[in-house]
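Each chain gets a letter, A, B and so on, in the order the sequences are listed, and its residues count up from 1.
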2 protein chains.
Amino acid sequence: MASIATIQINVNEKLFLRNPEHTELGRNIISNSIILIEKIGFENFTFKKLAAEIKSTEASIYRYFENKHKLLIYLVSWYWSWMEYQVDFQTNNIEDPEKKLDIVIDILTQTSRFDPQFLHINEDALYRIVIDESAKAYLTKDVDADNKEGFFLGYKSLCRKLAGFVIEMKPDFKYPRGLMSTLIEASHHQKFFSEHLPSLTEVSESEGGSGEVSEYLRYLIFQLLKN
Amino acid sequence: MASIATIQINVNEKLFLRNPEHTELGRNIISNSIILIEKIGFENFTFKKLAAEIKSTEASIYRYFENKHKLLIYLVSWYWSWMEYQVDFQTNNIEDPEKKLDIVIDILTQTSRFDPQFLHINEDALYRIVIDESAKAYLTKDVDADNKEGFFLGYKSLCRKLAGFVIEMKPDFKYPRGLMSTLIEASHHQKFFSEHLPSLTEVSESEGGSGEVSEYLRYLIFQLLKN
DNA sequence: CCTTATTGATAGTATTACCATCGCAGTAAC
DNA sequence: GTTACTGCGATGGTAATACTATCAATAAGG
């Protein structure tokens with residue numbers, strides 16, 4: 001757990017103009033954009049407001065990111081990359097694919113996610129951003145162009161990995177990737193609905209733990225994958 | 001089928017300043033906003049551009065809708081209301097809840113949707129908007145306020161109706177509404193993925209009919225609801 | 001024919017989403 | 001100790017967006 005080796009979270013280099021991990025200002029941009037987007041929402045978020053937060057200037061932030069949409073994709077990509085690392089780490093040495101999927105559902109739904117390896121990233125706030133805003137990263141007229149640039153490789157890679165577990169569990173299953181993308185999306189919108197539009201689901205989120213969303217998802221997945 | 005009685009599609013009155021159904025300009029706004037949003041995407045859509053399309057002015061459009069977000073919610077609400085009508089109509093006199101859910105999946109996924117009762121509404125374009133943009137109607141910091149105003153009643157009402165079919169089919173099922181909101185959301189994102197991020201799903205959309213998305217959804221739902 | 005409602009025309013404001021330029025401070029190089 | 005480079009802050013500017021206000025023309029209703 002407390003090893004010294006550092007893992008790297010890879011995000012597509014085309015997402016930024018200057019790598020924010022390499023400088024103090026860059027890390028500050030990342031760190032505070034997470035807090036600010038979570039707080040005021042992506043549509044109300046501007047580079048000007050962020051600049052004020054970190055006592056820098058709009059122009060300086062534009063040196064790192066072309067626009068706020070690229071920044072959002074950057075954050076979401078980081079998240080997917082980090083999630084895949086979590087999955088790798090926590091399913092390592094586990095044989096049983098059912099157990100692996102069980103762990104995946106835990107990882108997808110757990111609310112408290114602090115990772116001491118990335119001190120400038122507030123994973124809990126980032127998780128909220130993923131729930132509330134991540135769909136906006138791809139629901140644009142630029143999806144196809146962005147996809148060609150490889151901006152969604154993180155999501156795809158995670159989805160492929162989870163689909164692998166499904167295949168291990170049930171080799172003849174027809175929709176491993178479809179089911180896993182449904183699982184991931186459902187983990188977000190069921191949580192969102194439970195908090196904001198509760199009549200759209202029976203699931204409710206009172207507890208702090210991984211709660212009822214995970215129960216629902218577990219039921220869904222294993223009901224389908226058990227013969 | 002070709003009855004003279006007109007049905008009404010209800011949308012929350014708070015969504016508009018002046019009822020667009022009541023005037024020529026209003027219907028023009030609706031009709032062309034659907035075309036234009038579908039064409040250029042919601043973020044690029046402005047009232048100014050719409051005004052140019054319909055040879056009116058920005059100010060005139062603002063007399064109908066407070067802002068473009070309310071217009072989006074209006075369109076999406078109209079869609080839900082219309083979908084619920086479709087479900088009522090097409091499941092009428094059908095006893096078997098399984099058959100009813102089967103019809104629901106058809107309705108949710110069919111691509112060609114022209115309804116001669118609403119000549120000023122291009123249902124096909126509206127369906128594309130729902131797939132690409134409808135999540136943006138609720139994924140905002142105003143969800144709770146908007147929800148209090150009743151802006152999402154259409155979605156909720158449809159979800160409740162479909163959940164009723166689930167209960168008829170399997171009275172002890174634990175997540176009827178959760179499953180139906182998952183079904184609806186999945187019908188959108190699986191279609192979106194199949195067209196734009198195909199490695200996130202096995203489902204592909206070559207055909208014009210209700211295609212592979214509906215097959216996947218049918219598998220999902222009935223696998224879960226059959227004991 | 002008069003009243004009222006509806007629209008078009010015009011103008012104006014605040015904010016957003018950028019881009020360009022300049023100069024300074026720190027560092028590293030010779 | 002000068003040179004050169006990088007990163008950043010400061011300033012200023014532009015075009016577009018998201019509205020609001022005012023007024024005149026006109027169509028519709030009584």
Worksheet item: Has the side chain of Glu66(A) got a donor or acceptor atom sitting under 3.5 Å from an opposite partner on the base of dC18(C)?
Response: no
Discussion item. Testing the 3.5 Å rule here: is there a donor-acceptor pair between the side chains of Gln90(B) and Tyr85(B)?
Written reply: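 Short answer, no.
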Worksheet item: Taking the six-membered ring for Trp, is the centroid-to-centroid distance between Phe16(A) and Tyr64(A) below 6.0 Å?
Response: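 Between Phe16(A) and Tyr64(A), the centre distance exceeds or equals 6.0 Å.
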Discussion item. Are Phe192(A) and Tyr138(B) an aromatic pair, judged by ring center distance below 6.0 Å?
Written reply: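 Yes; Phe192(A) has its ring centre under 6.0 Å from that of Tyr138(B).
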To the nearest Å, give me how far apart [atom1] ([X]) and [atom2] ([N]) are.
X: Lys70(A); N: dA17(C); atom1: NZ; atom2: P; answer: 15 Å
X: Ile61(A); N: dA10(D); atom1: CD1; atom2: C1'; answer: 14 Å
X: Lys48(B); N: dT10(C); atom1: NZ; atom2: C1'; answer: 12 Å

Discussion item. Could you check whether atom NZ of Lys48(B) has more than 12 heavy atoms from other residues, nucleotides or ligands sitting under 6.0 Å from it?
Written reply: no
Discussion item. Under 4.0 Å, heavy atom to any atom of DNA chain D: which of residues 17-33 of chain B qualify?
Written reply: none
For [X] and [N], is the shortest distance between a side-chain N/O and OP1 or OP2 below 4.0 Å?
X: Tyr62(B); N: dA21(D); value: no
X: Thr57(A); N: dA10(D); value: no
X: Lys68(B); N: dA18(D); value: yes
X: Ser60(B); N: dT7(C); value: no
X: Tyr64(A); N: dC8(D); value: yes

Fill in: Salt-bridge contact Glu195(A)-Arg128(A) (side-chain N to carboxylate O under 4.0 Å)
yes
Discussion item. Assess whether a salt bridge exists between Glu21(A) and Arg27(A), defined as any Lys/Arg side-chain N lying under 4.0 Å from an Asp/Glu carboxylate O.
Written reply: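 Arg27(A) and Glu21(A): not salt-bridged.
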Item to complete: Specify the residue among Asn44(A) and Ala59(A) whose closest nucleotide of DNA chain C lies further upstream toward the 5′ end.
Response: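 Nearer the 5' end of the strand: Asn44(A).
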Item to complete: Measure from the side-chain heavy atoms of Arg63(B) and tell me the nearest of dC19(D), dT16(C), dA9(C).
Response: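 Nearest to the side-chain atoms of Arg63(B), counting from C-beta on, is dA9(C).
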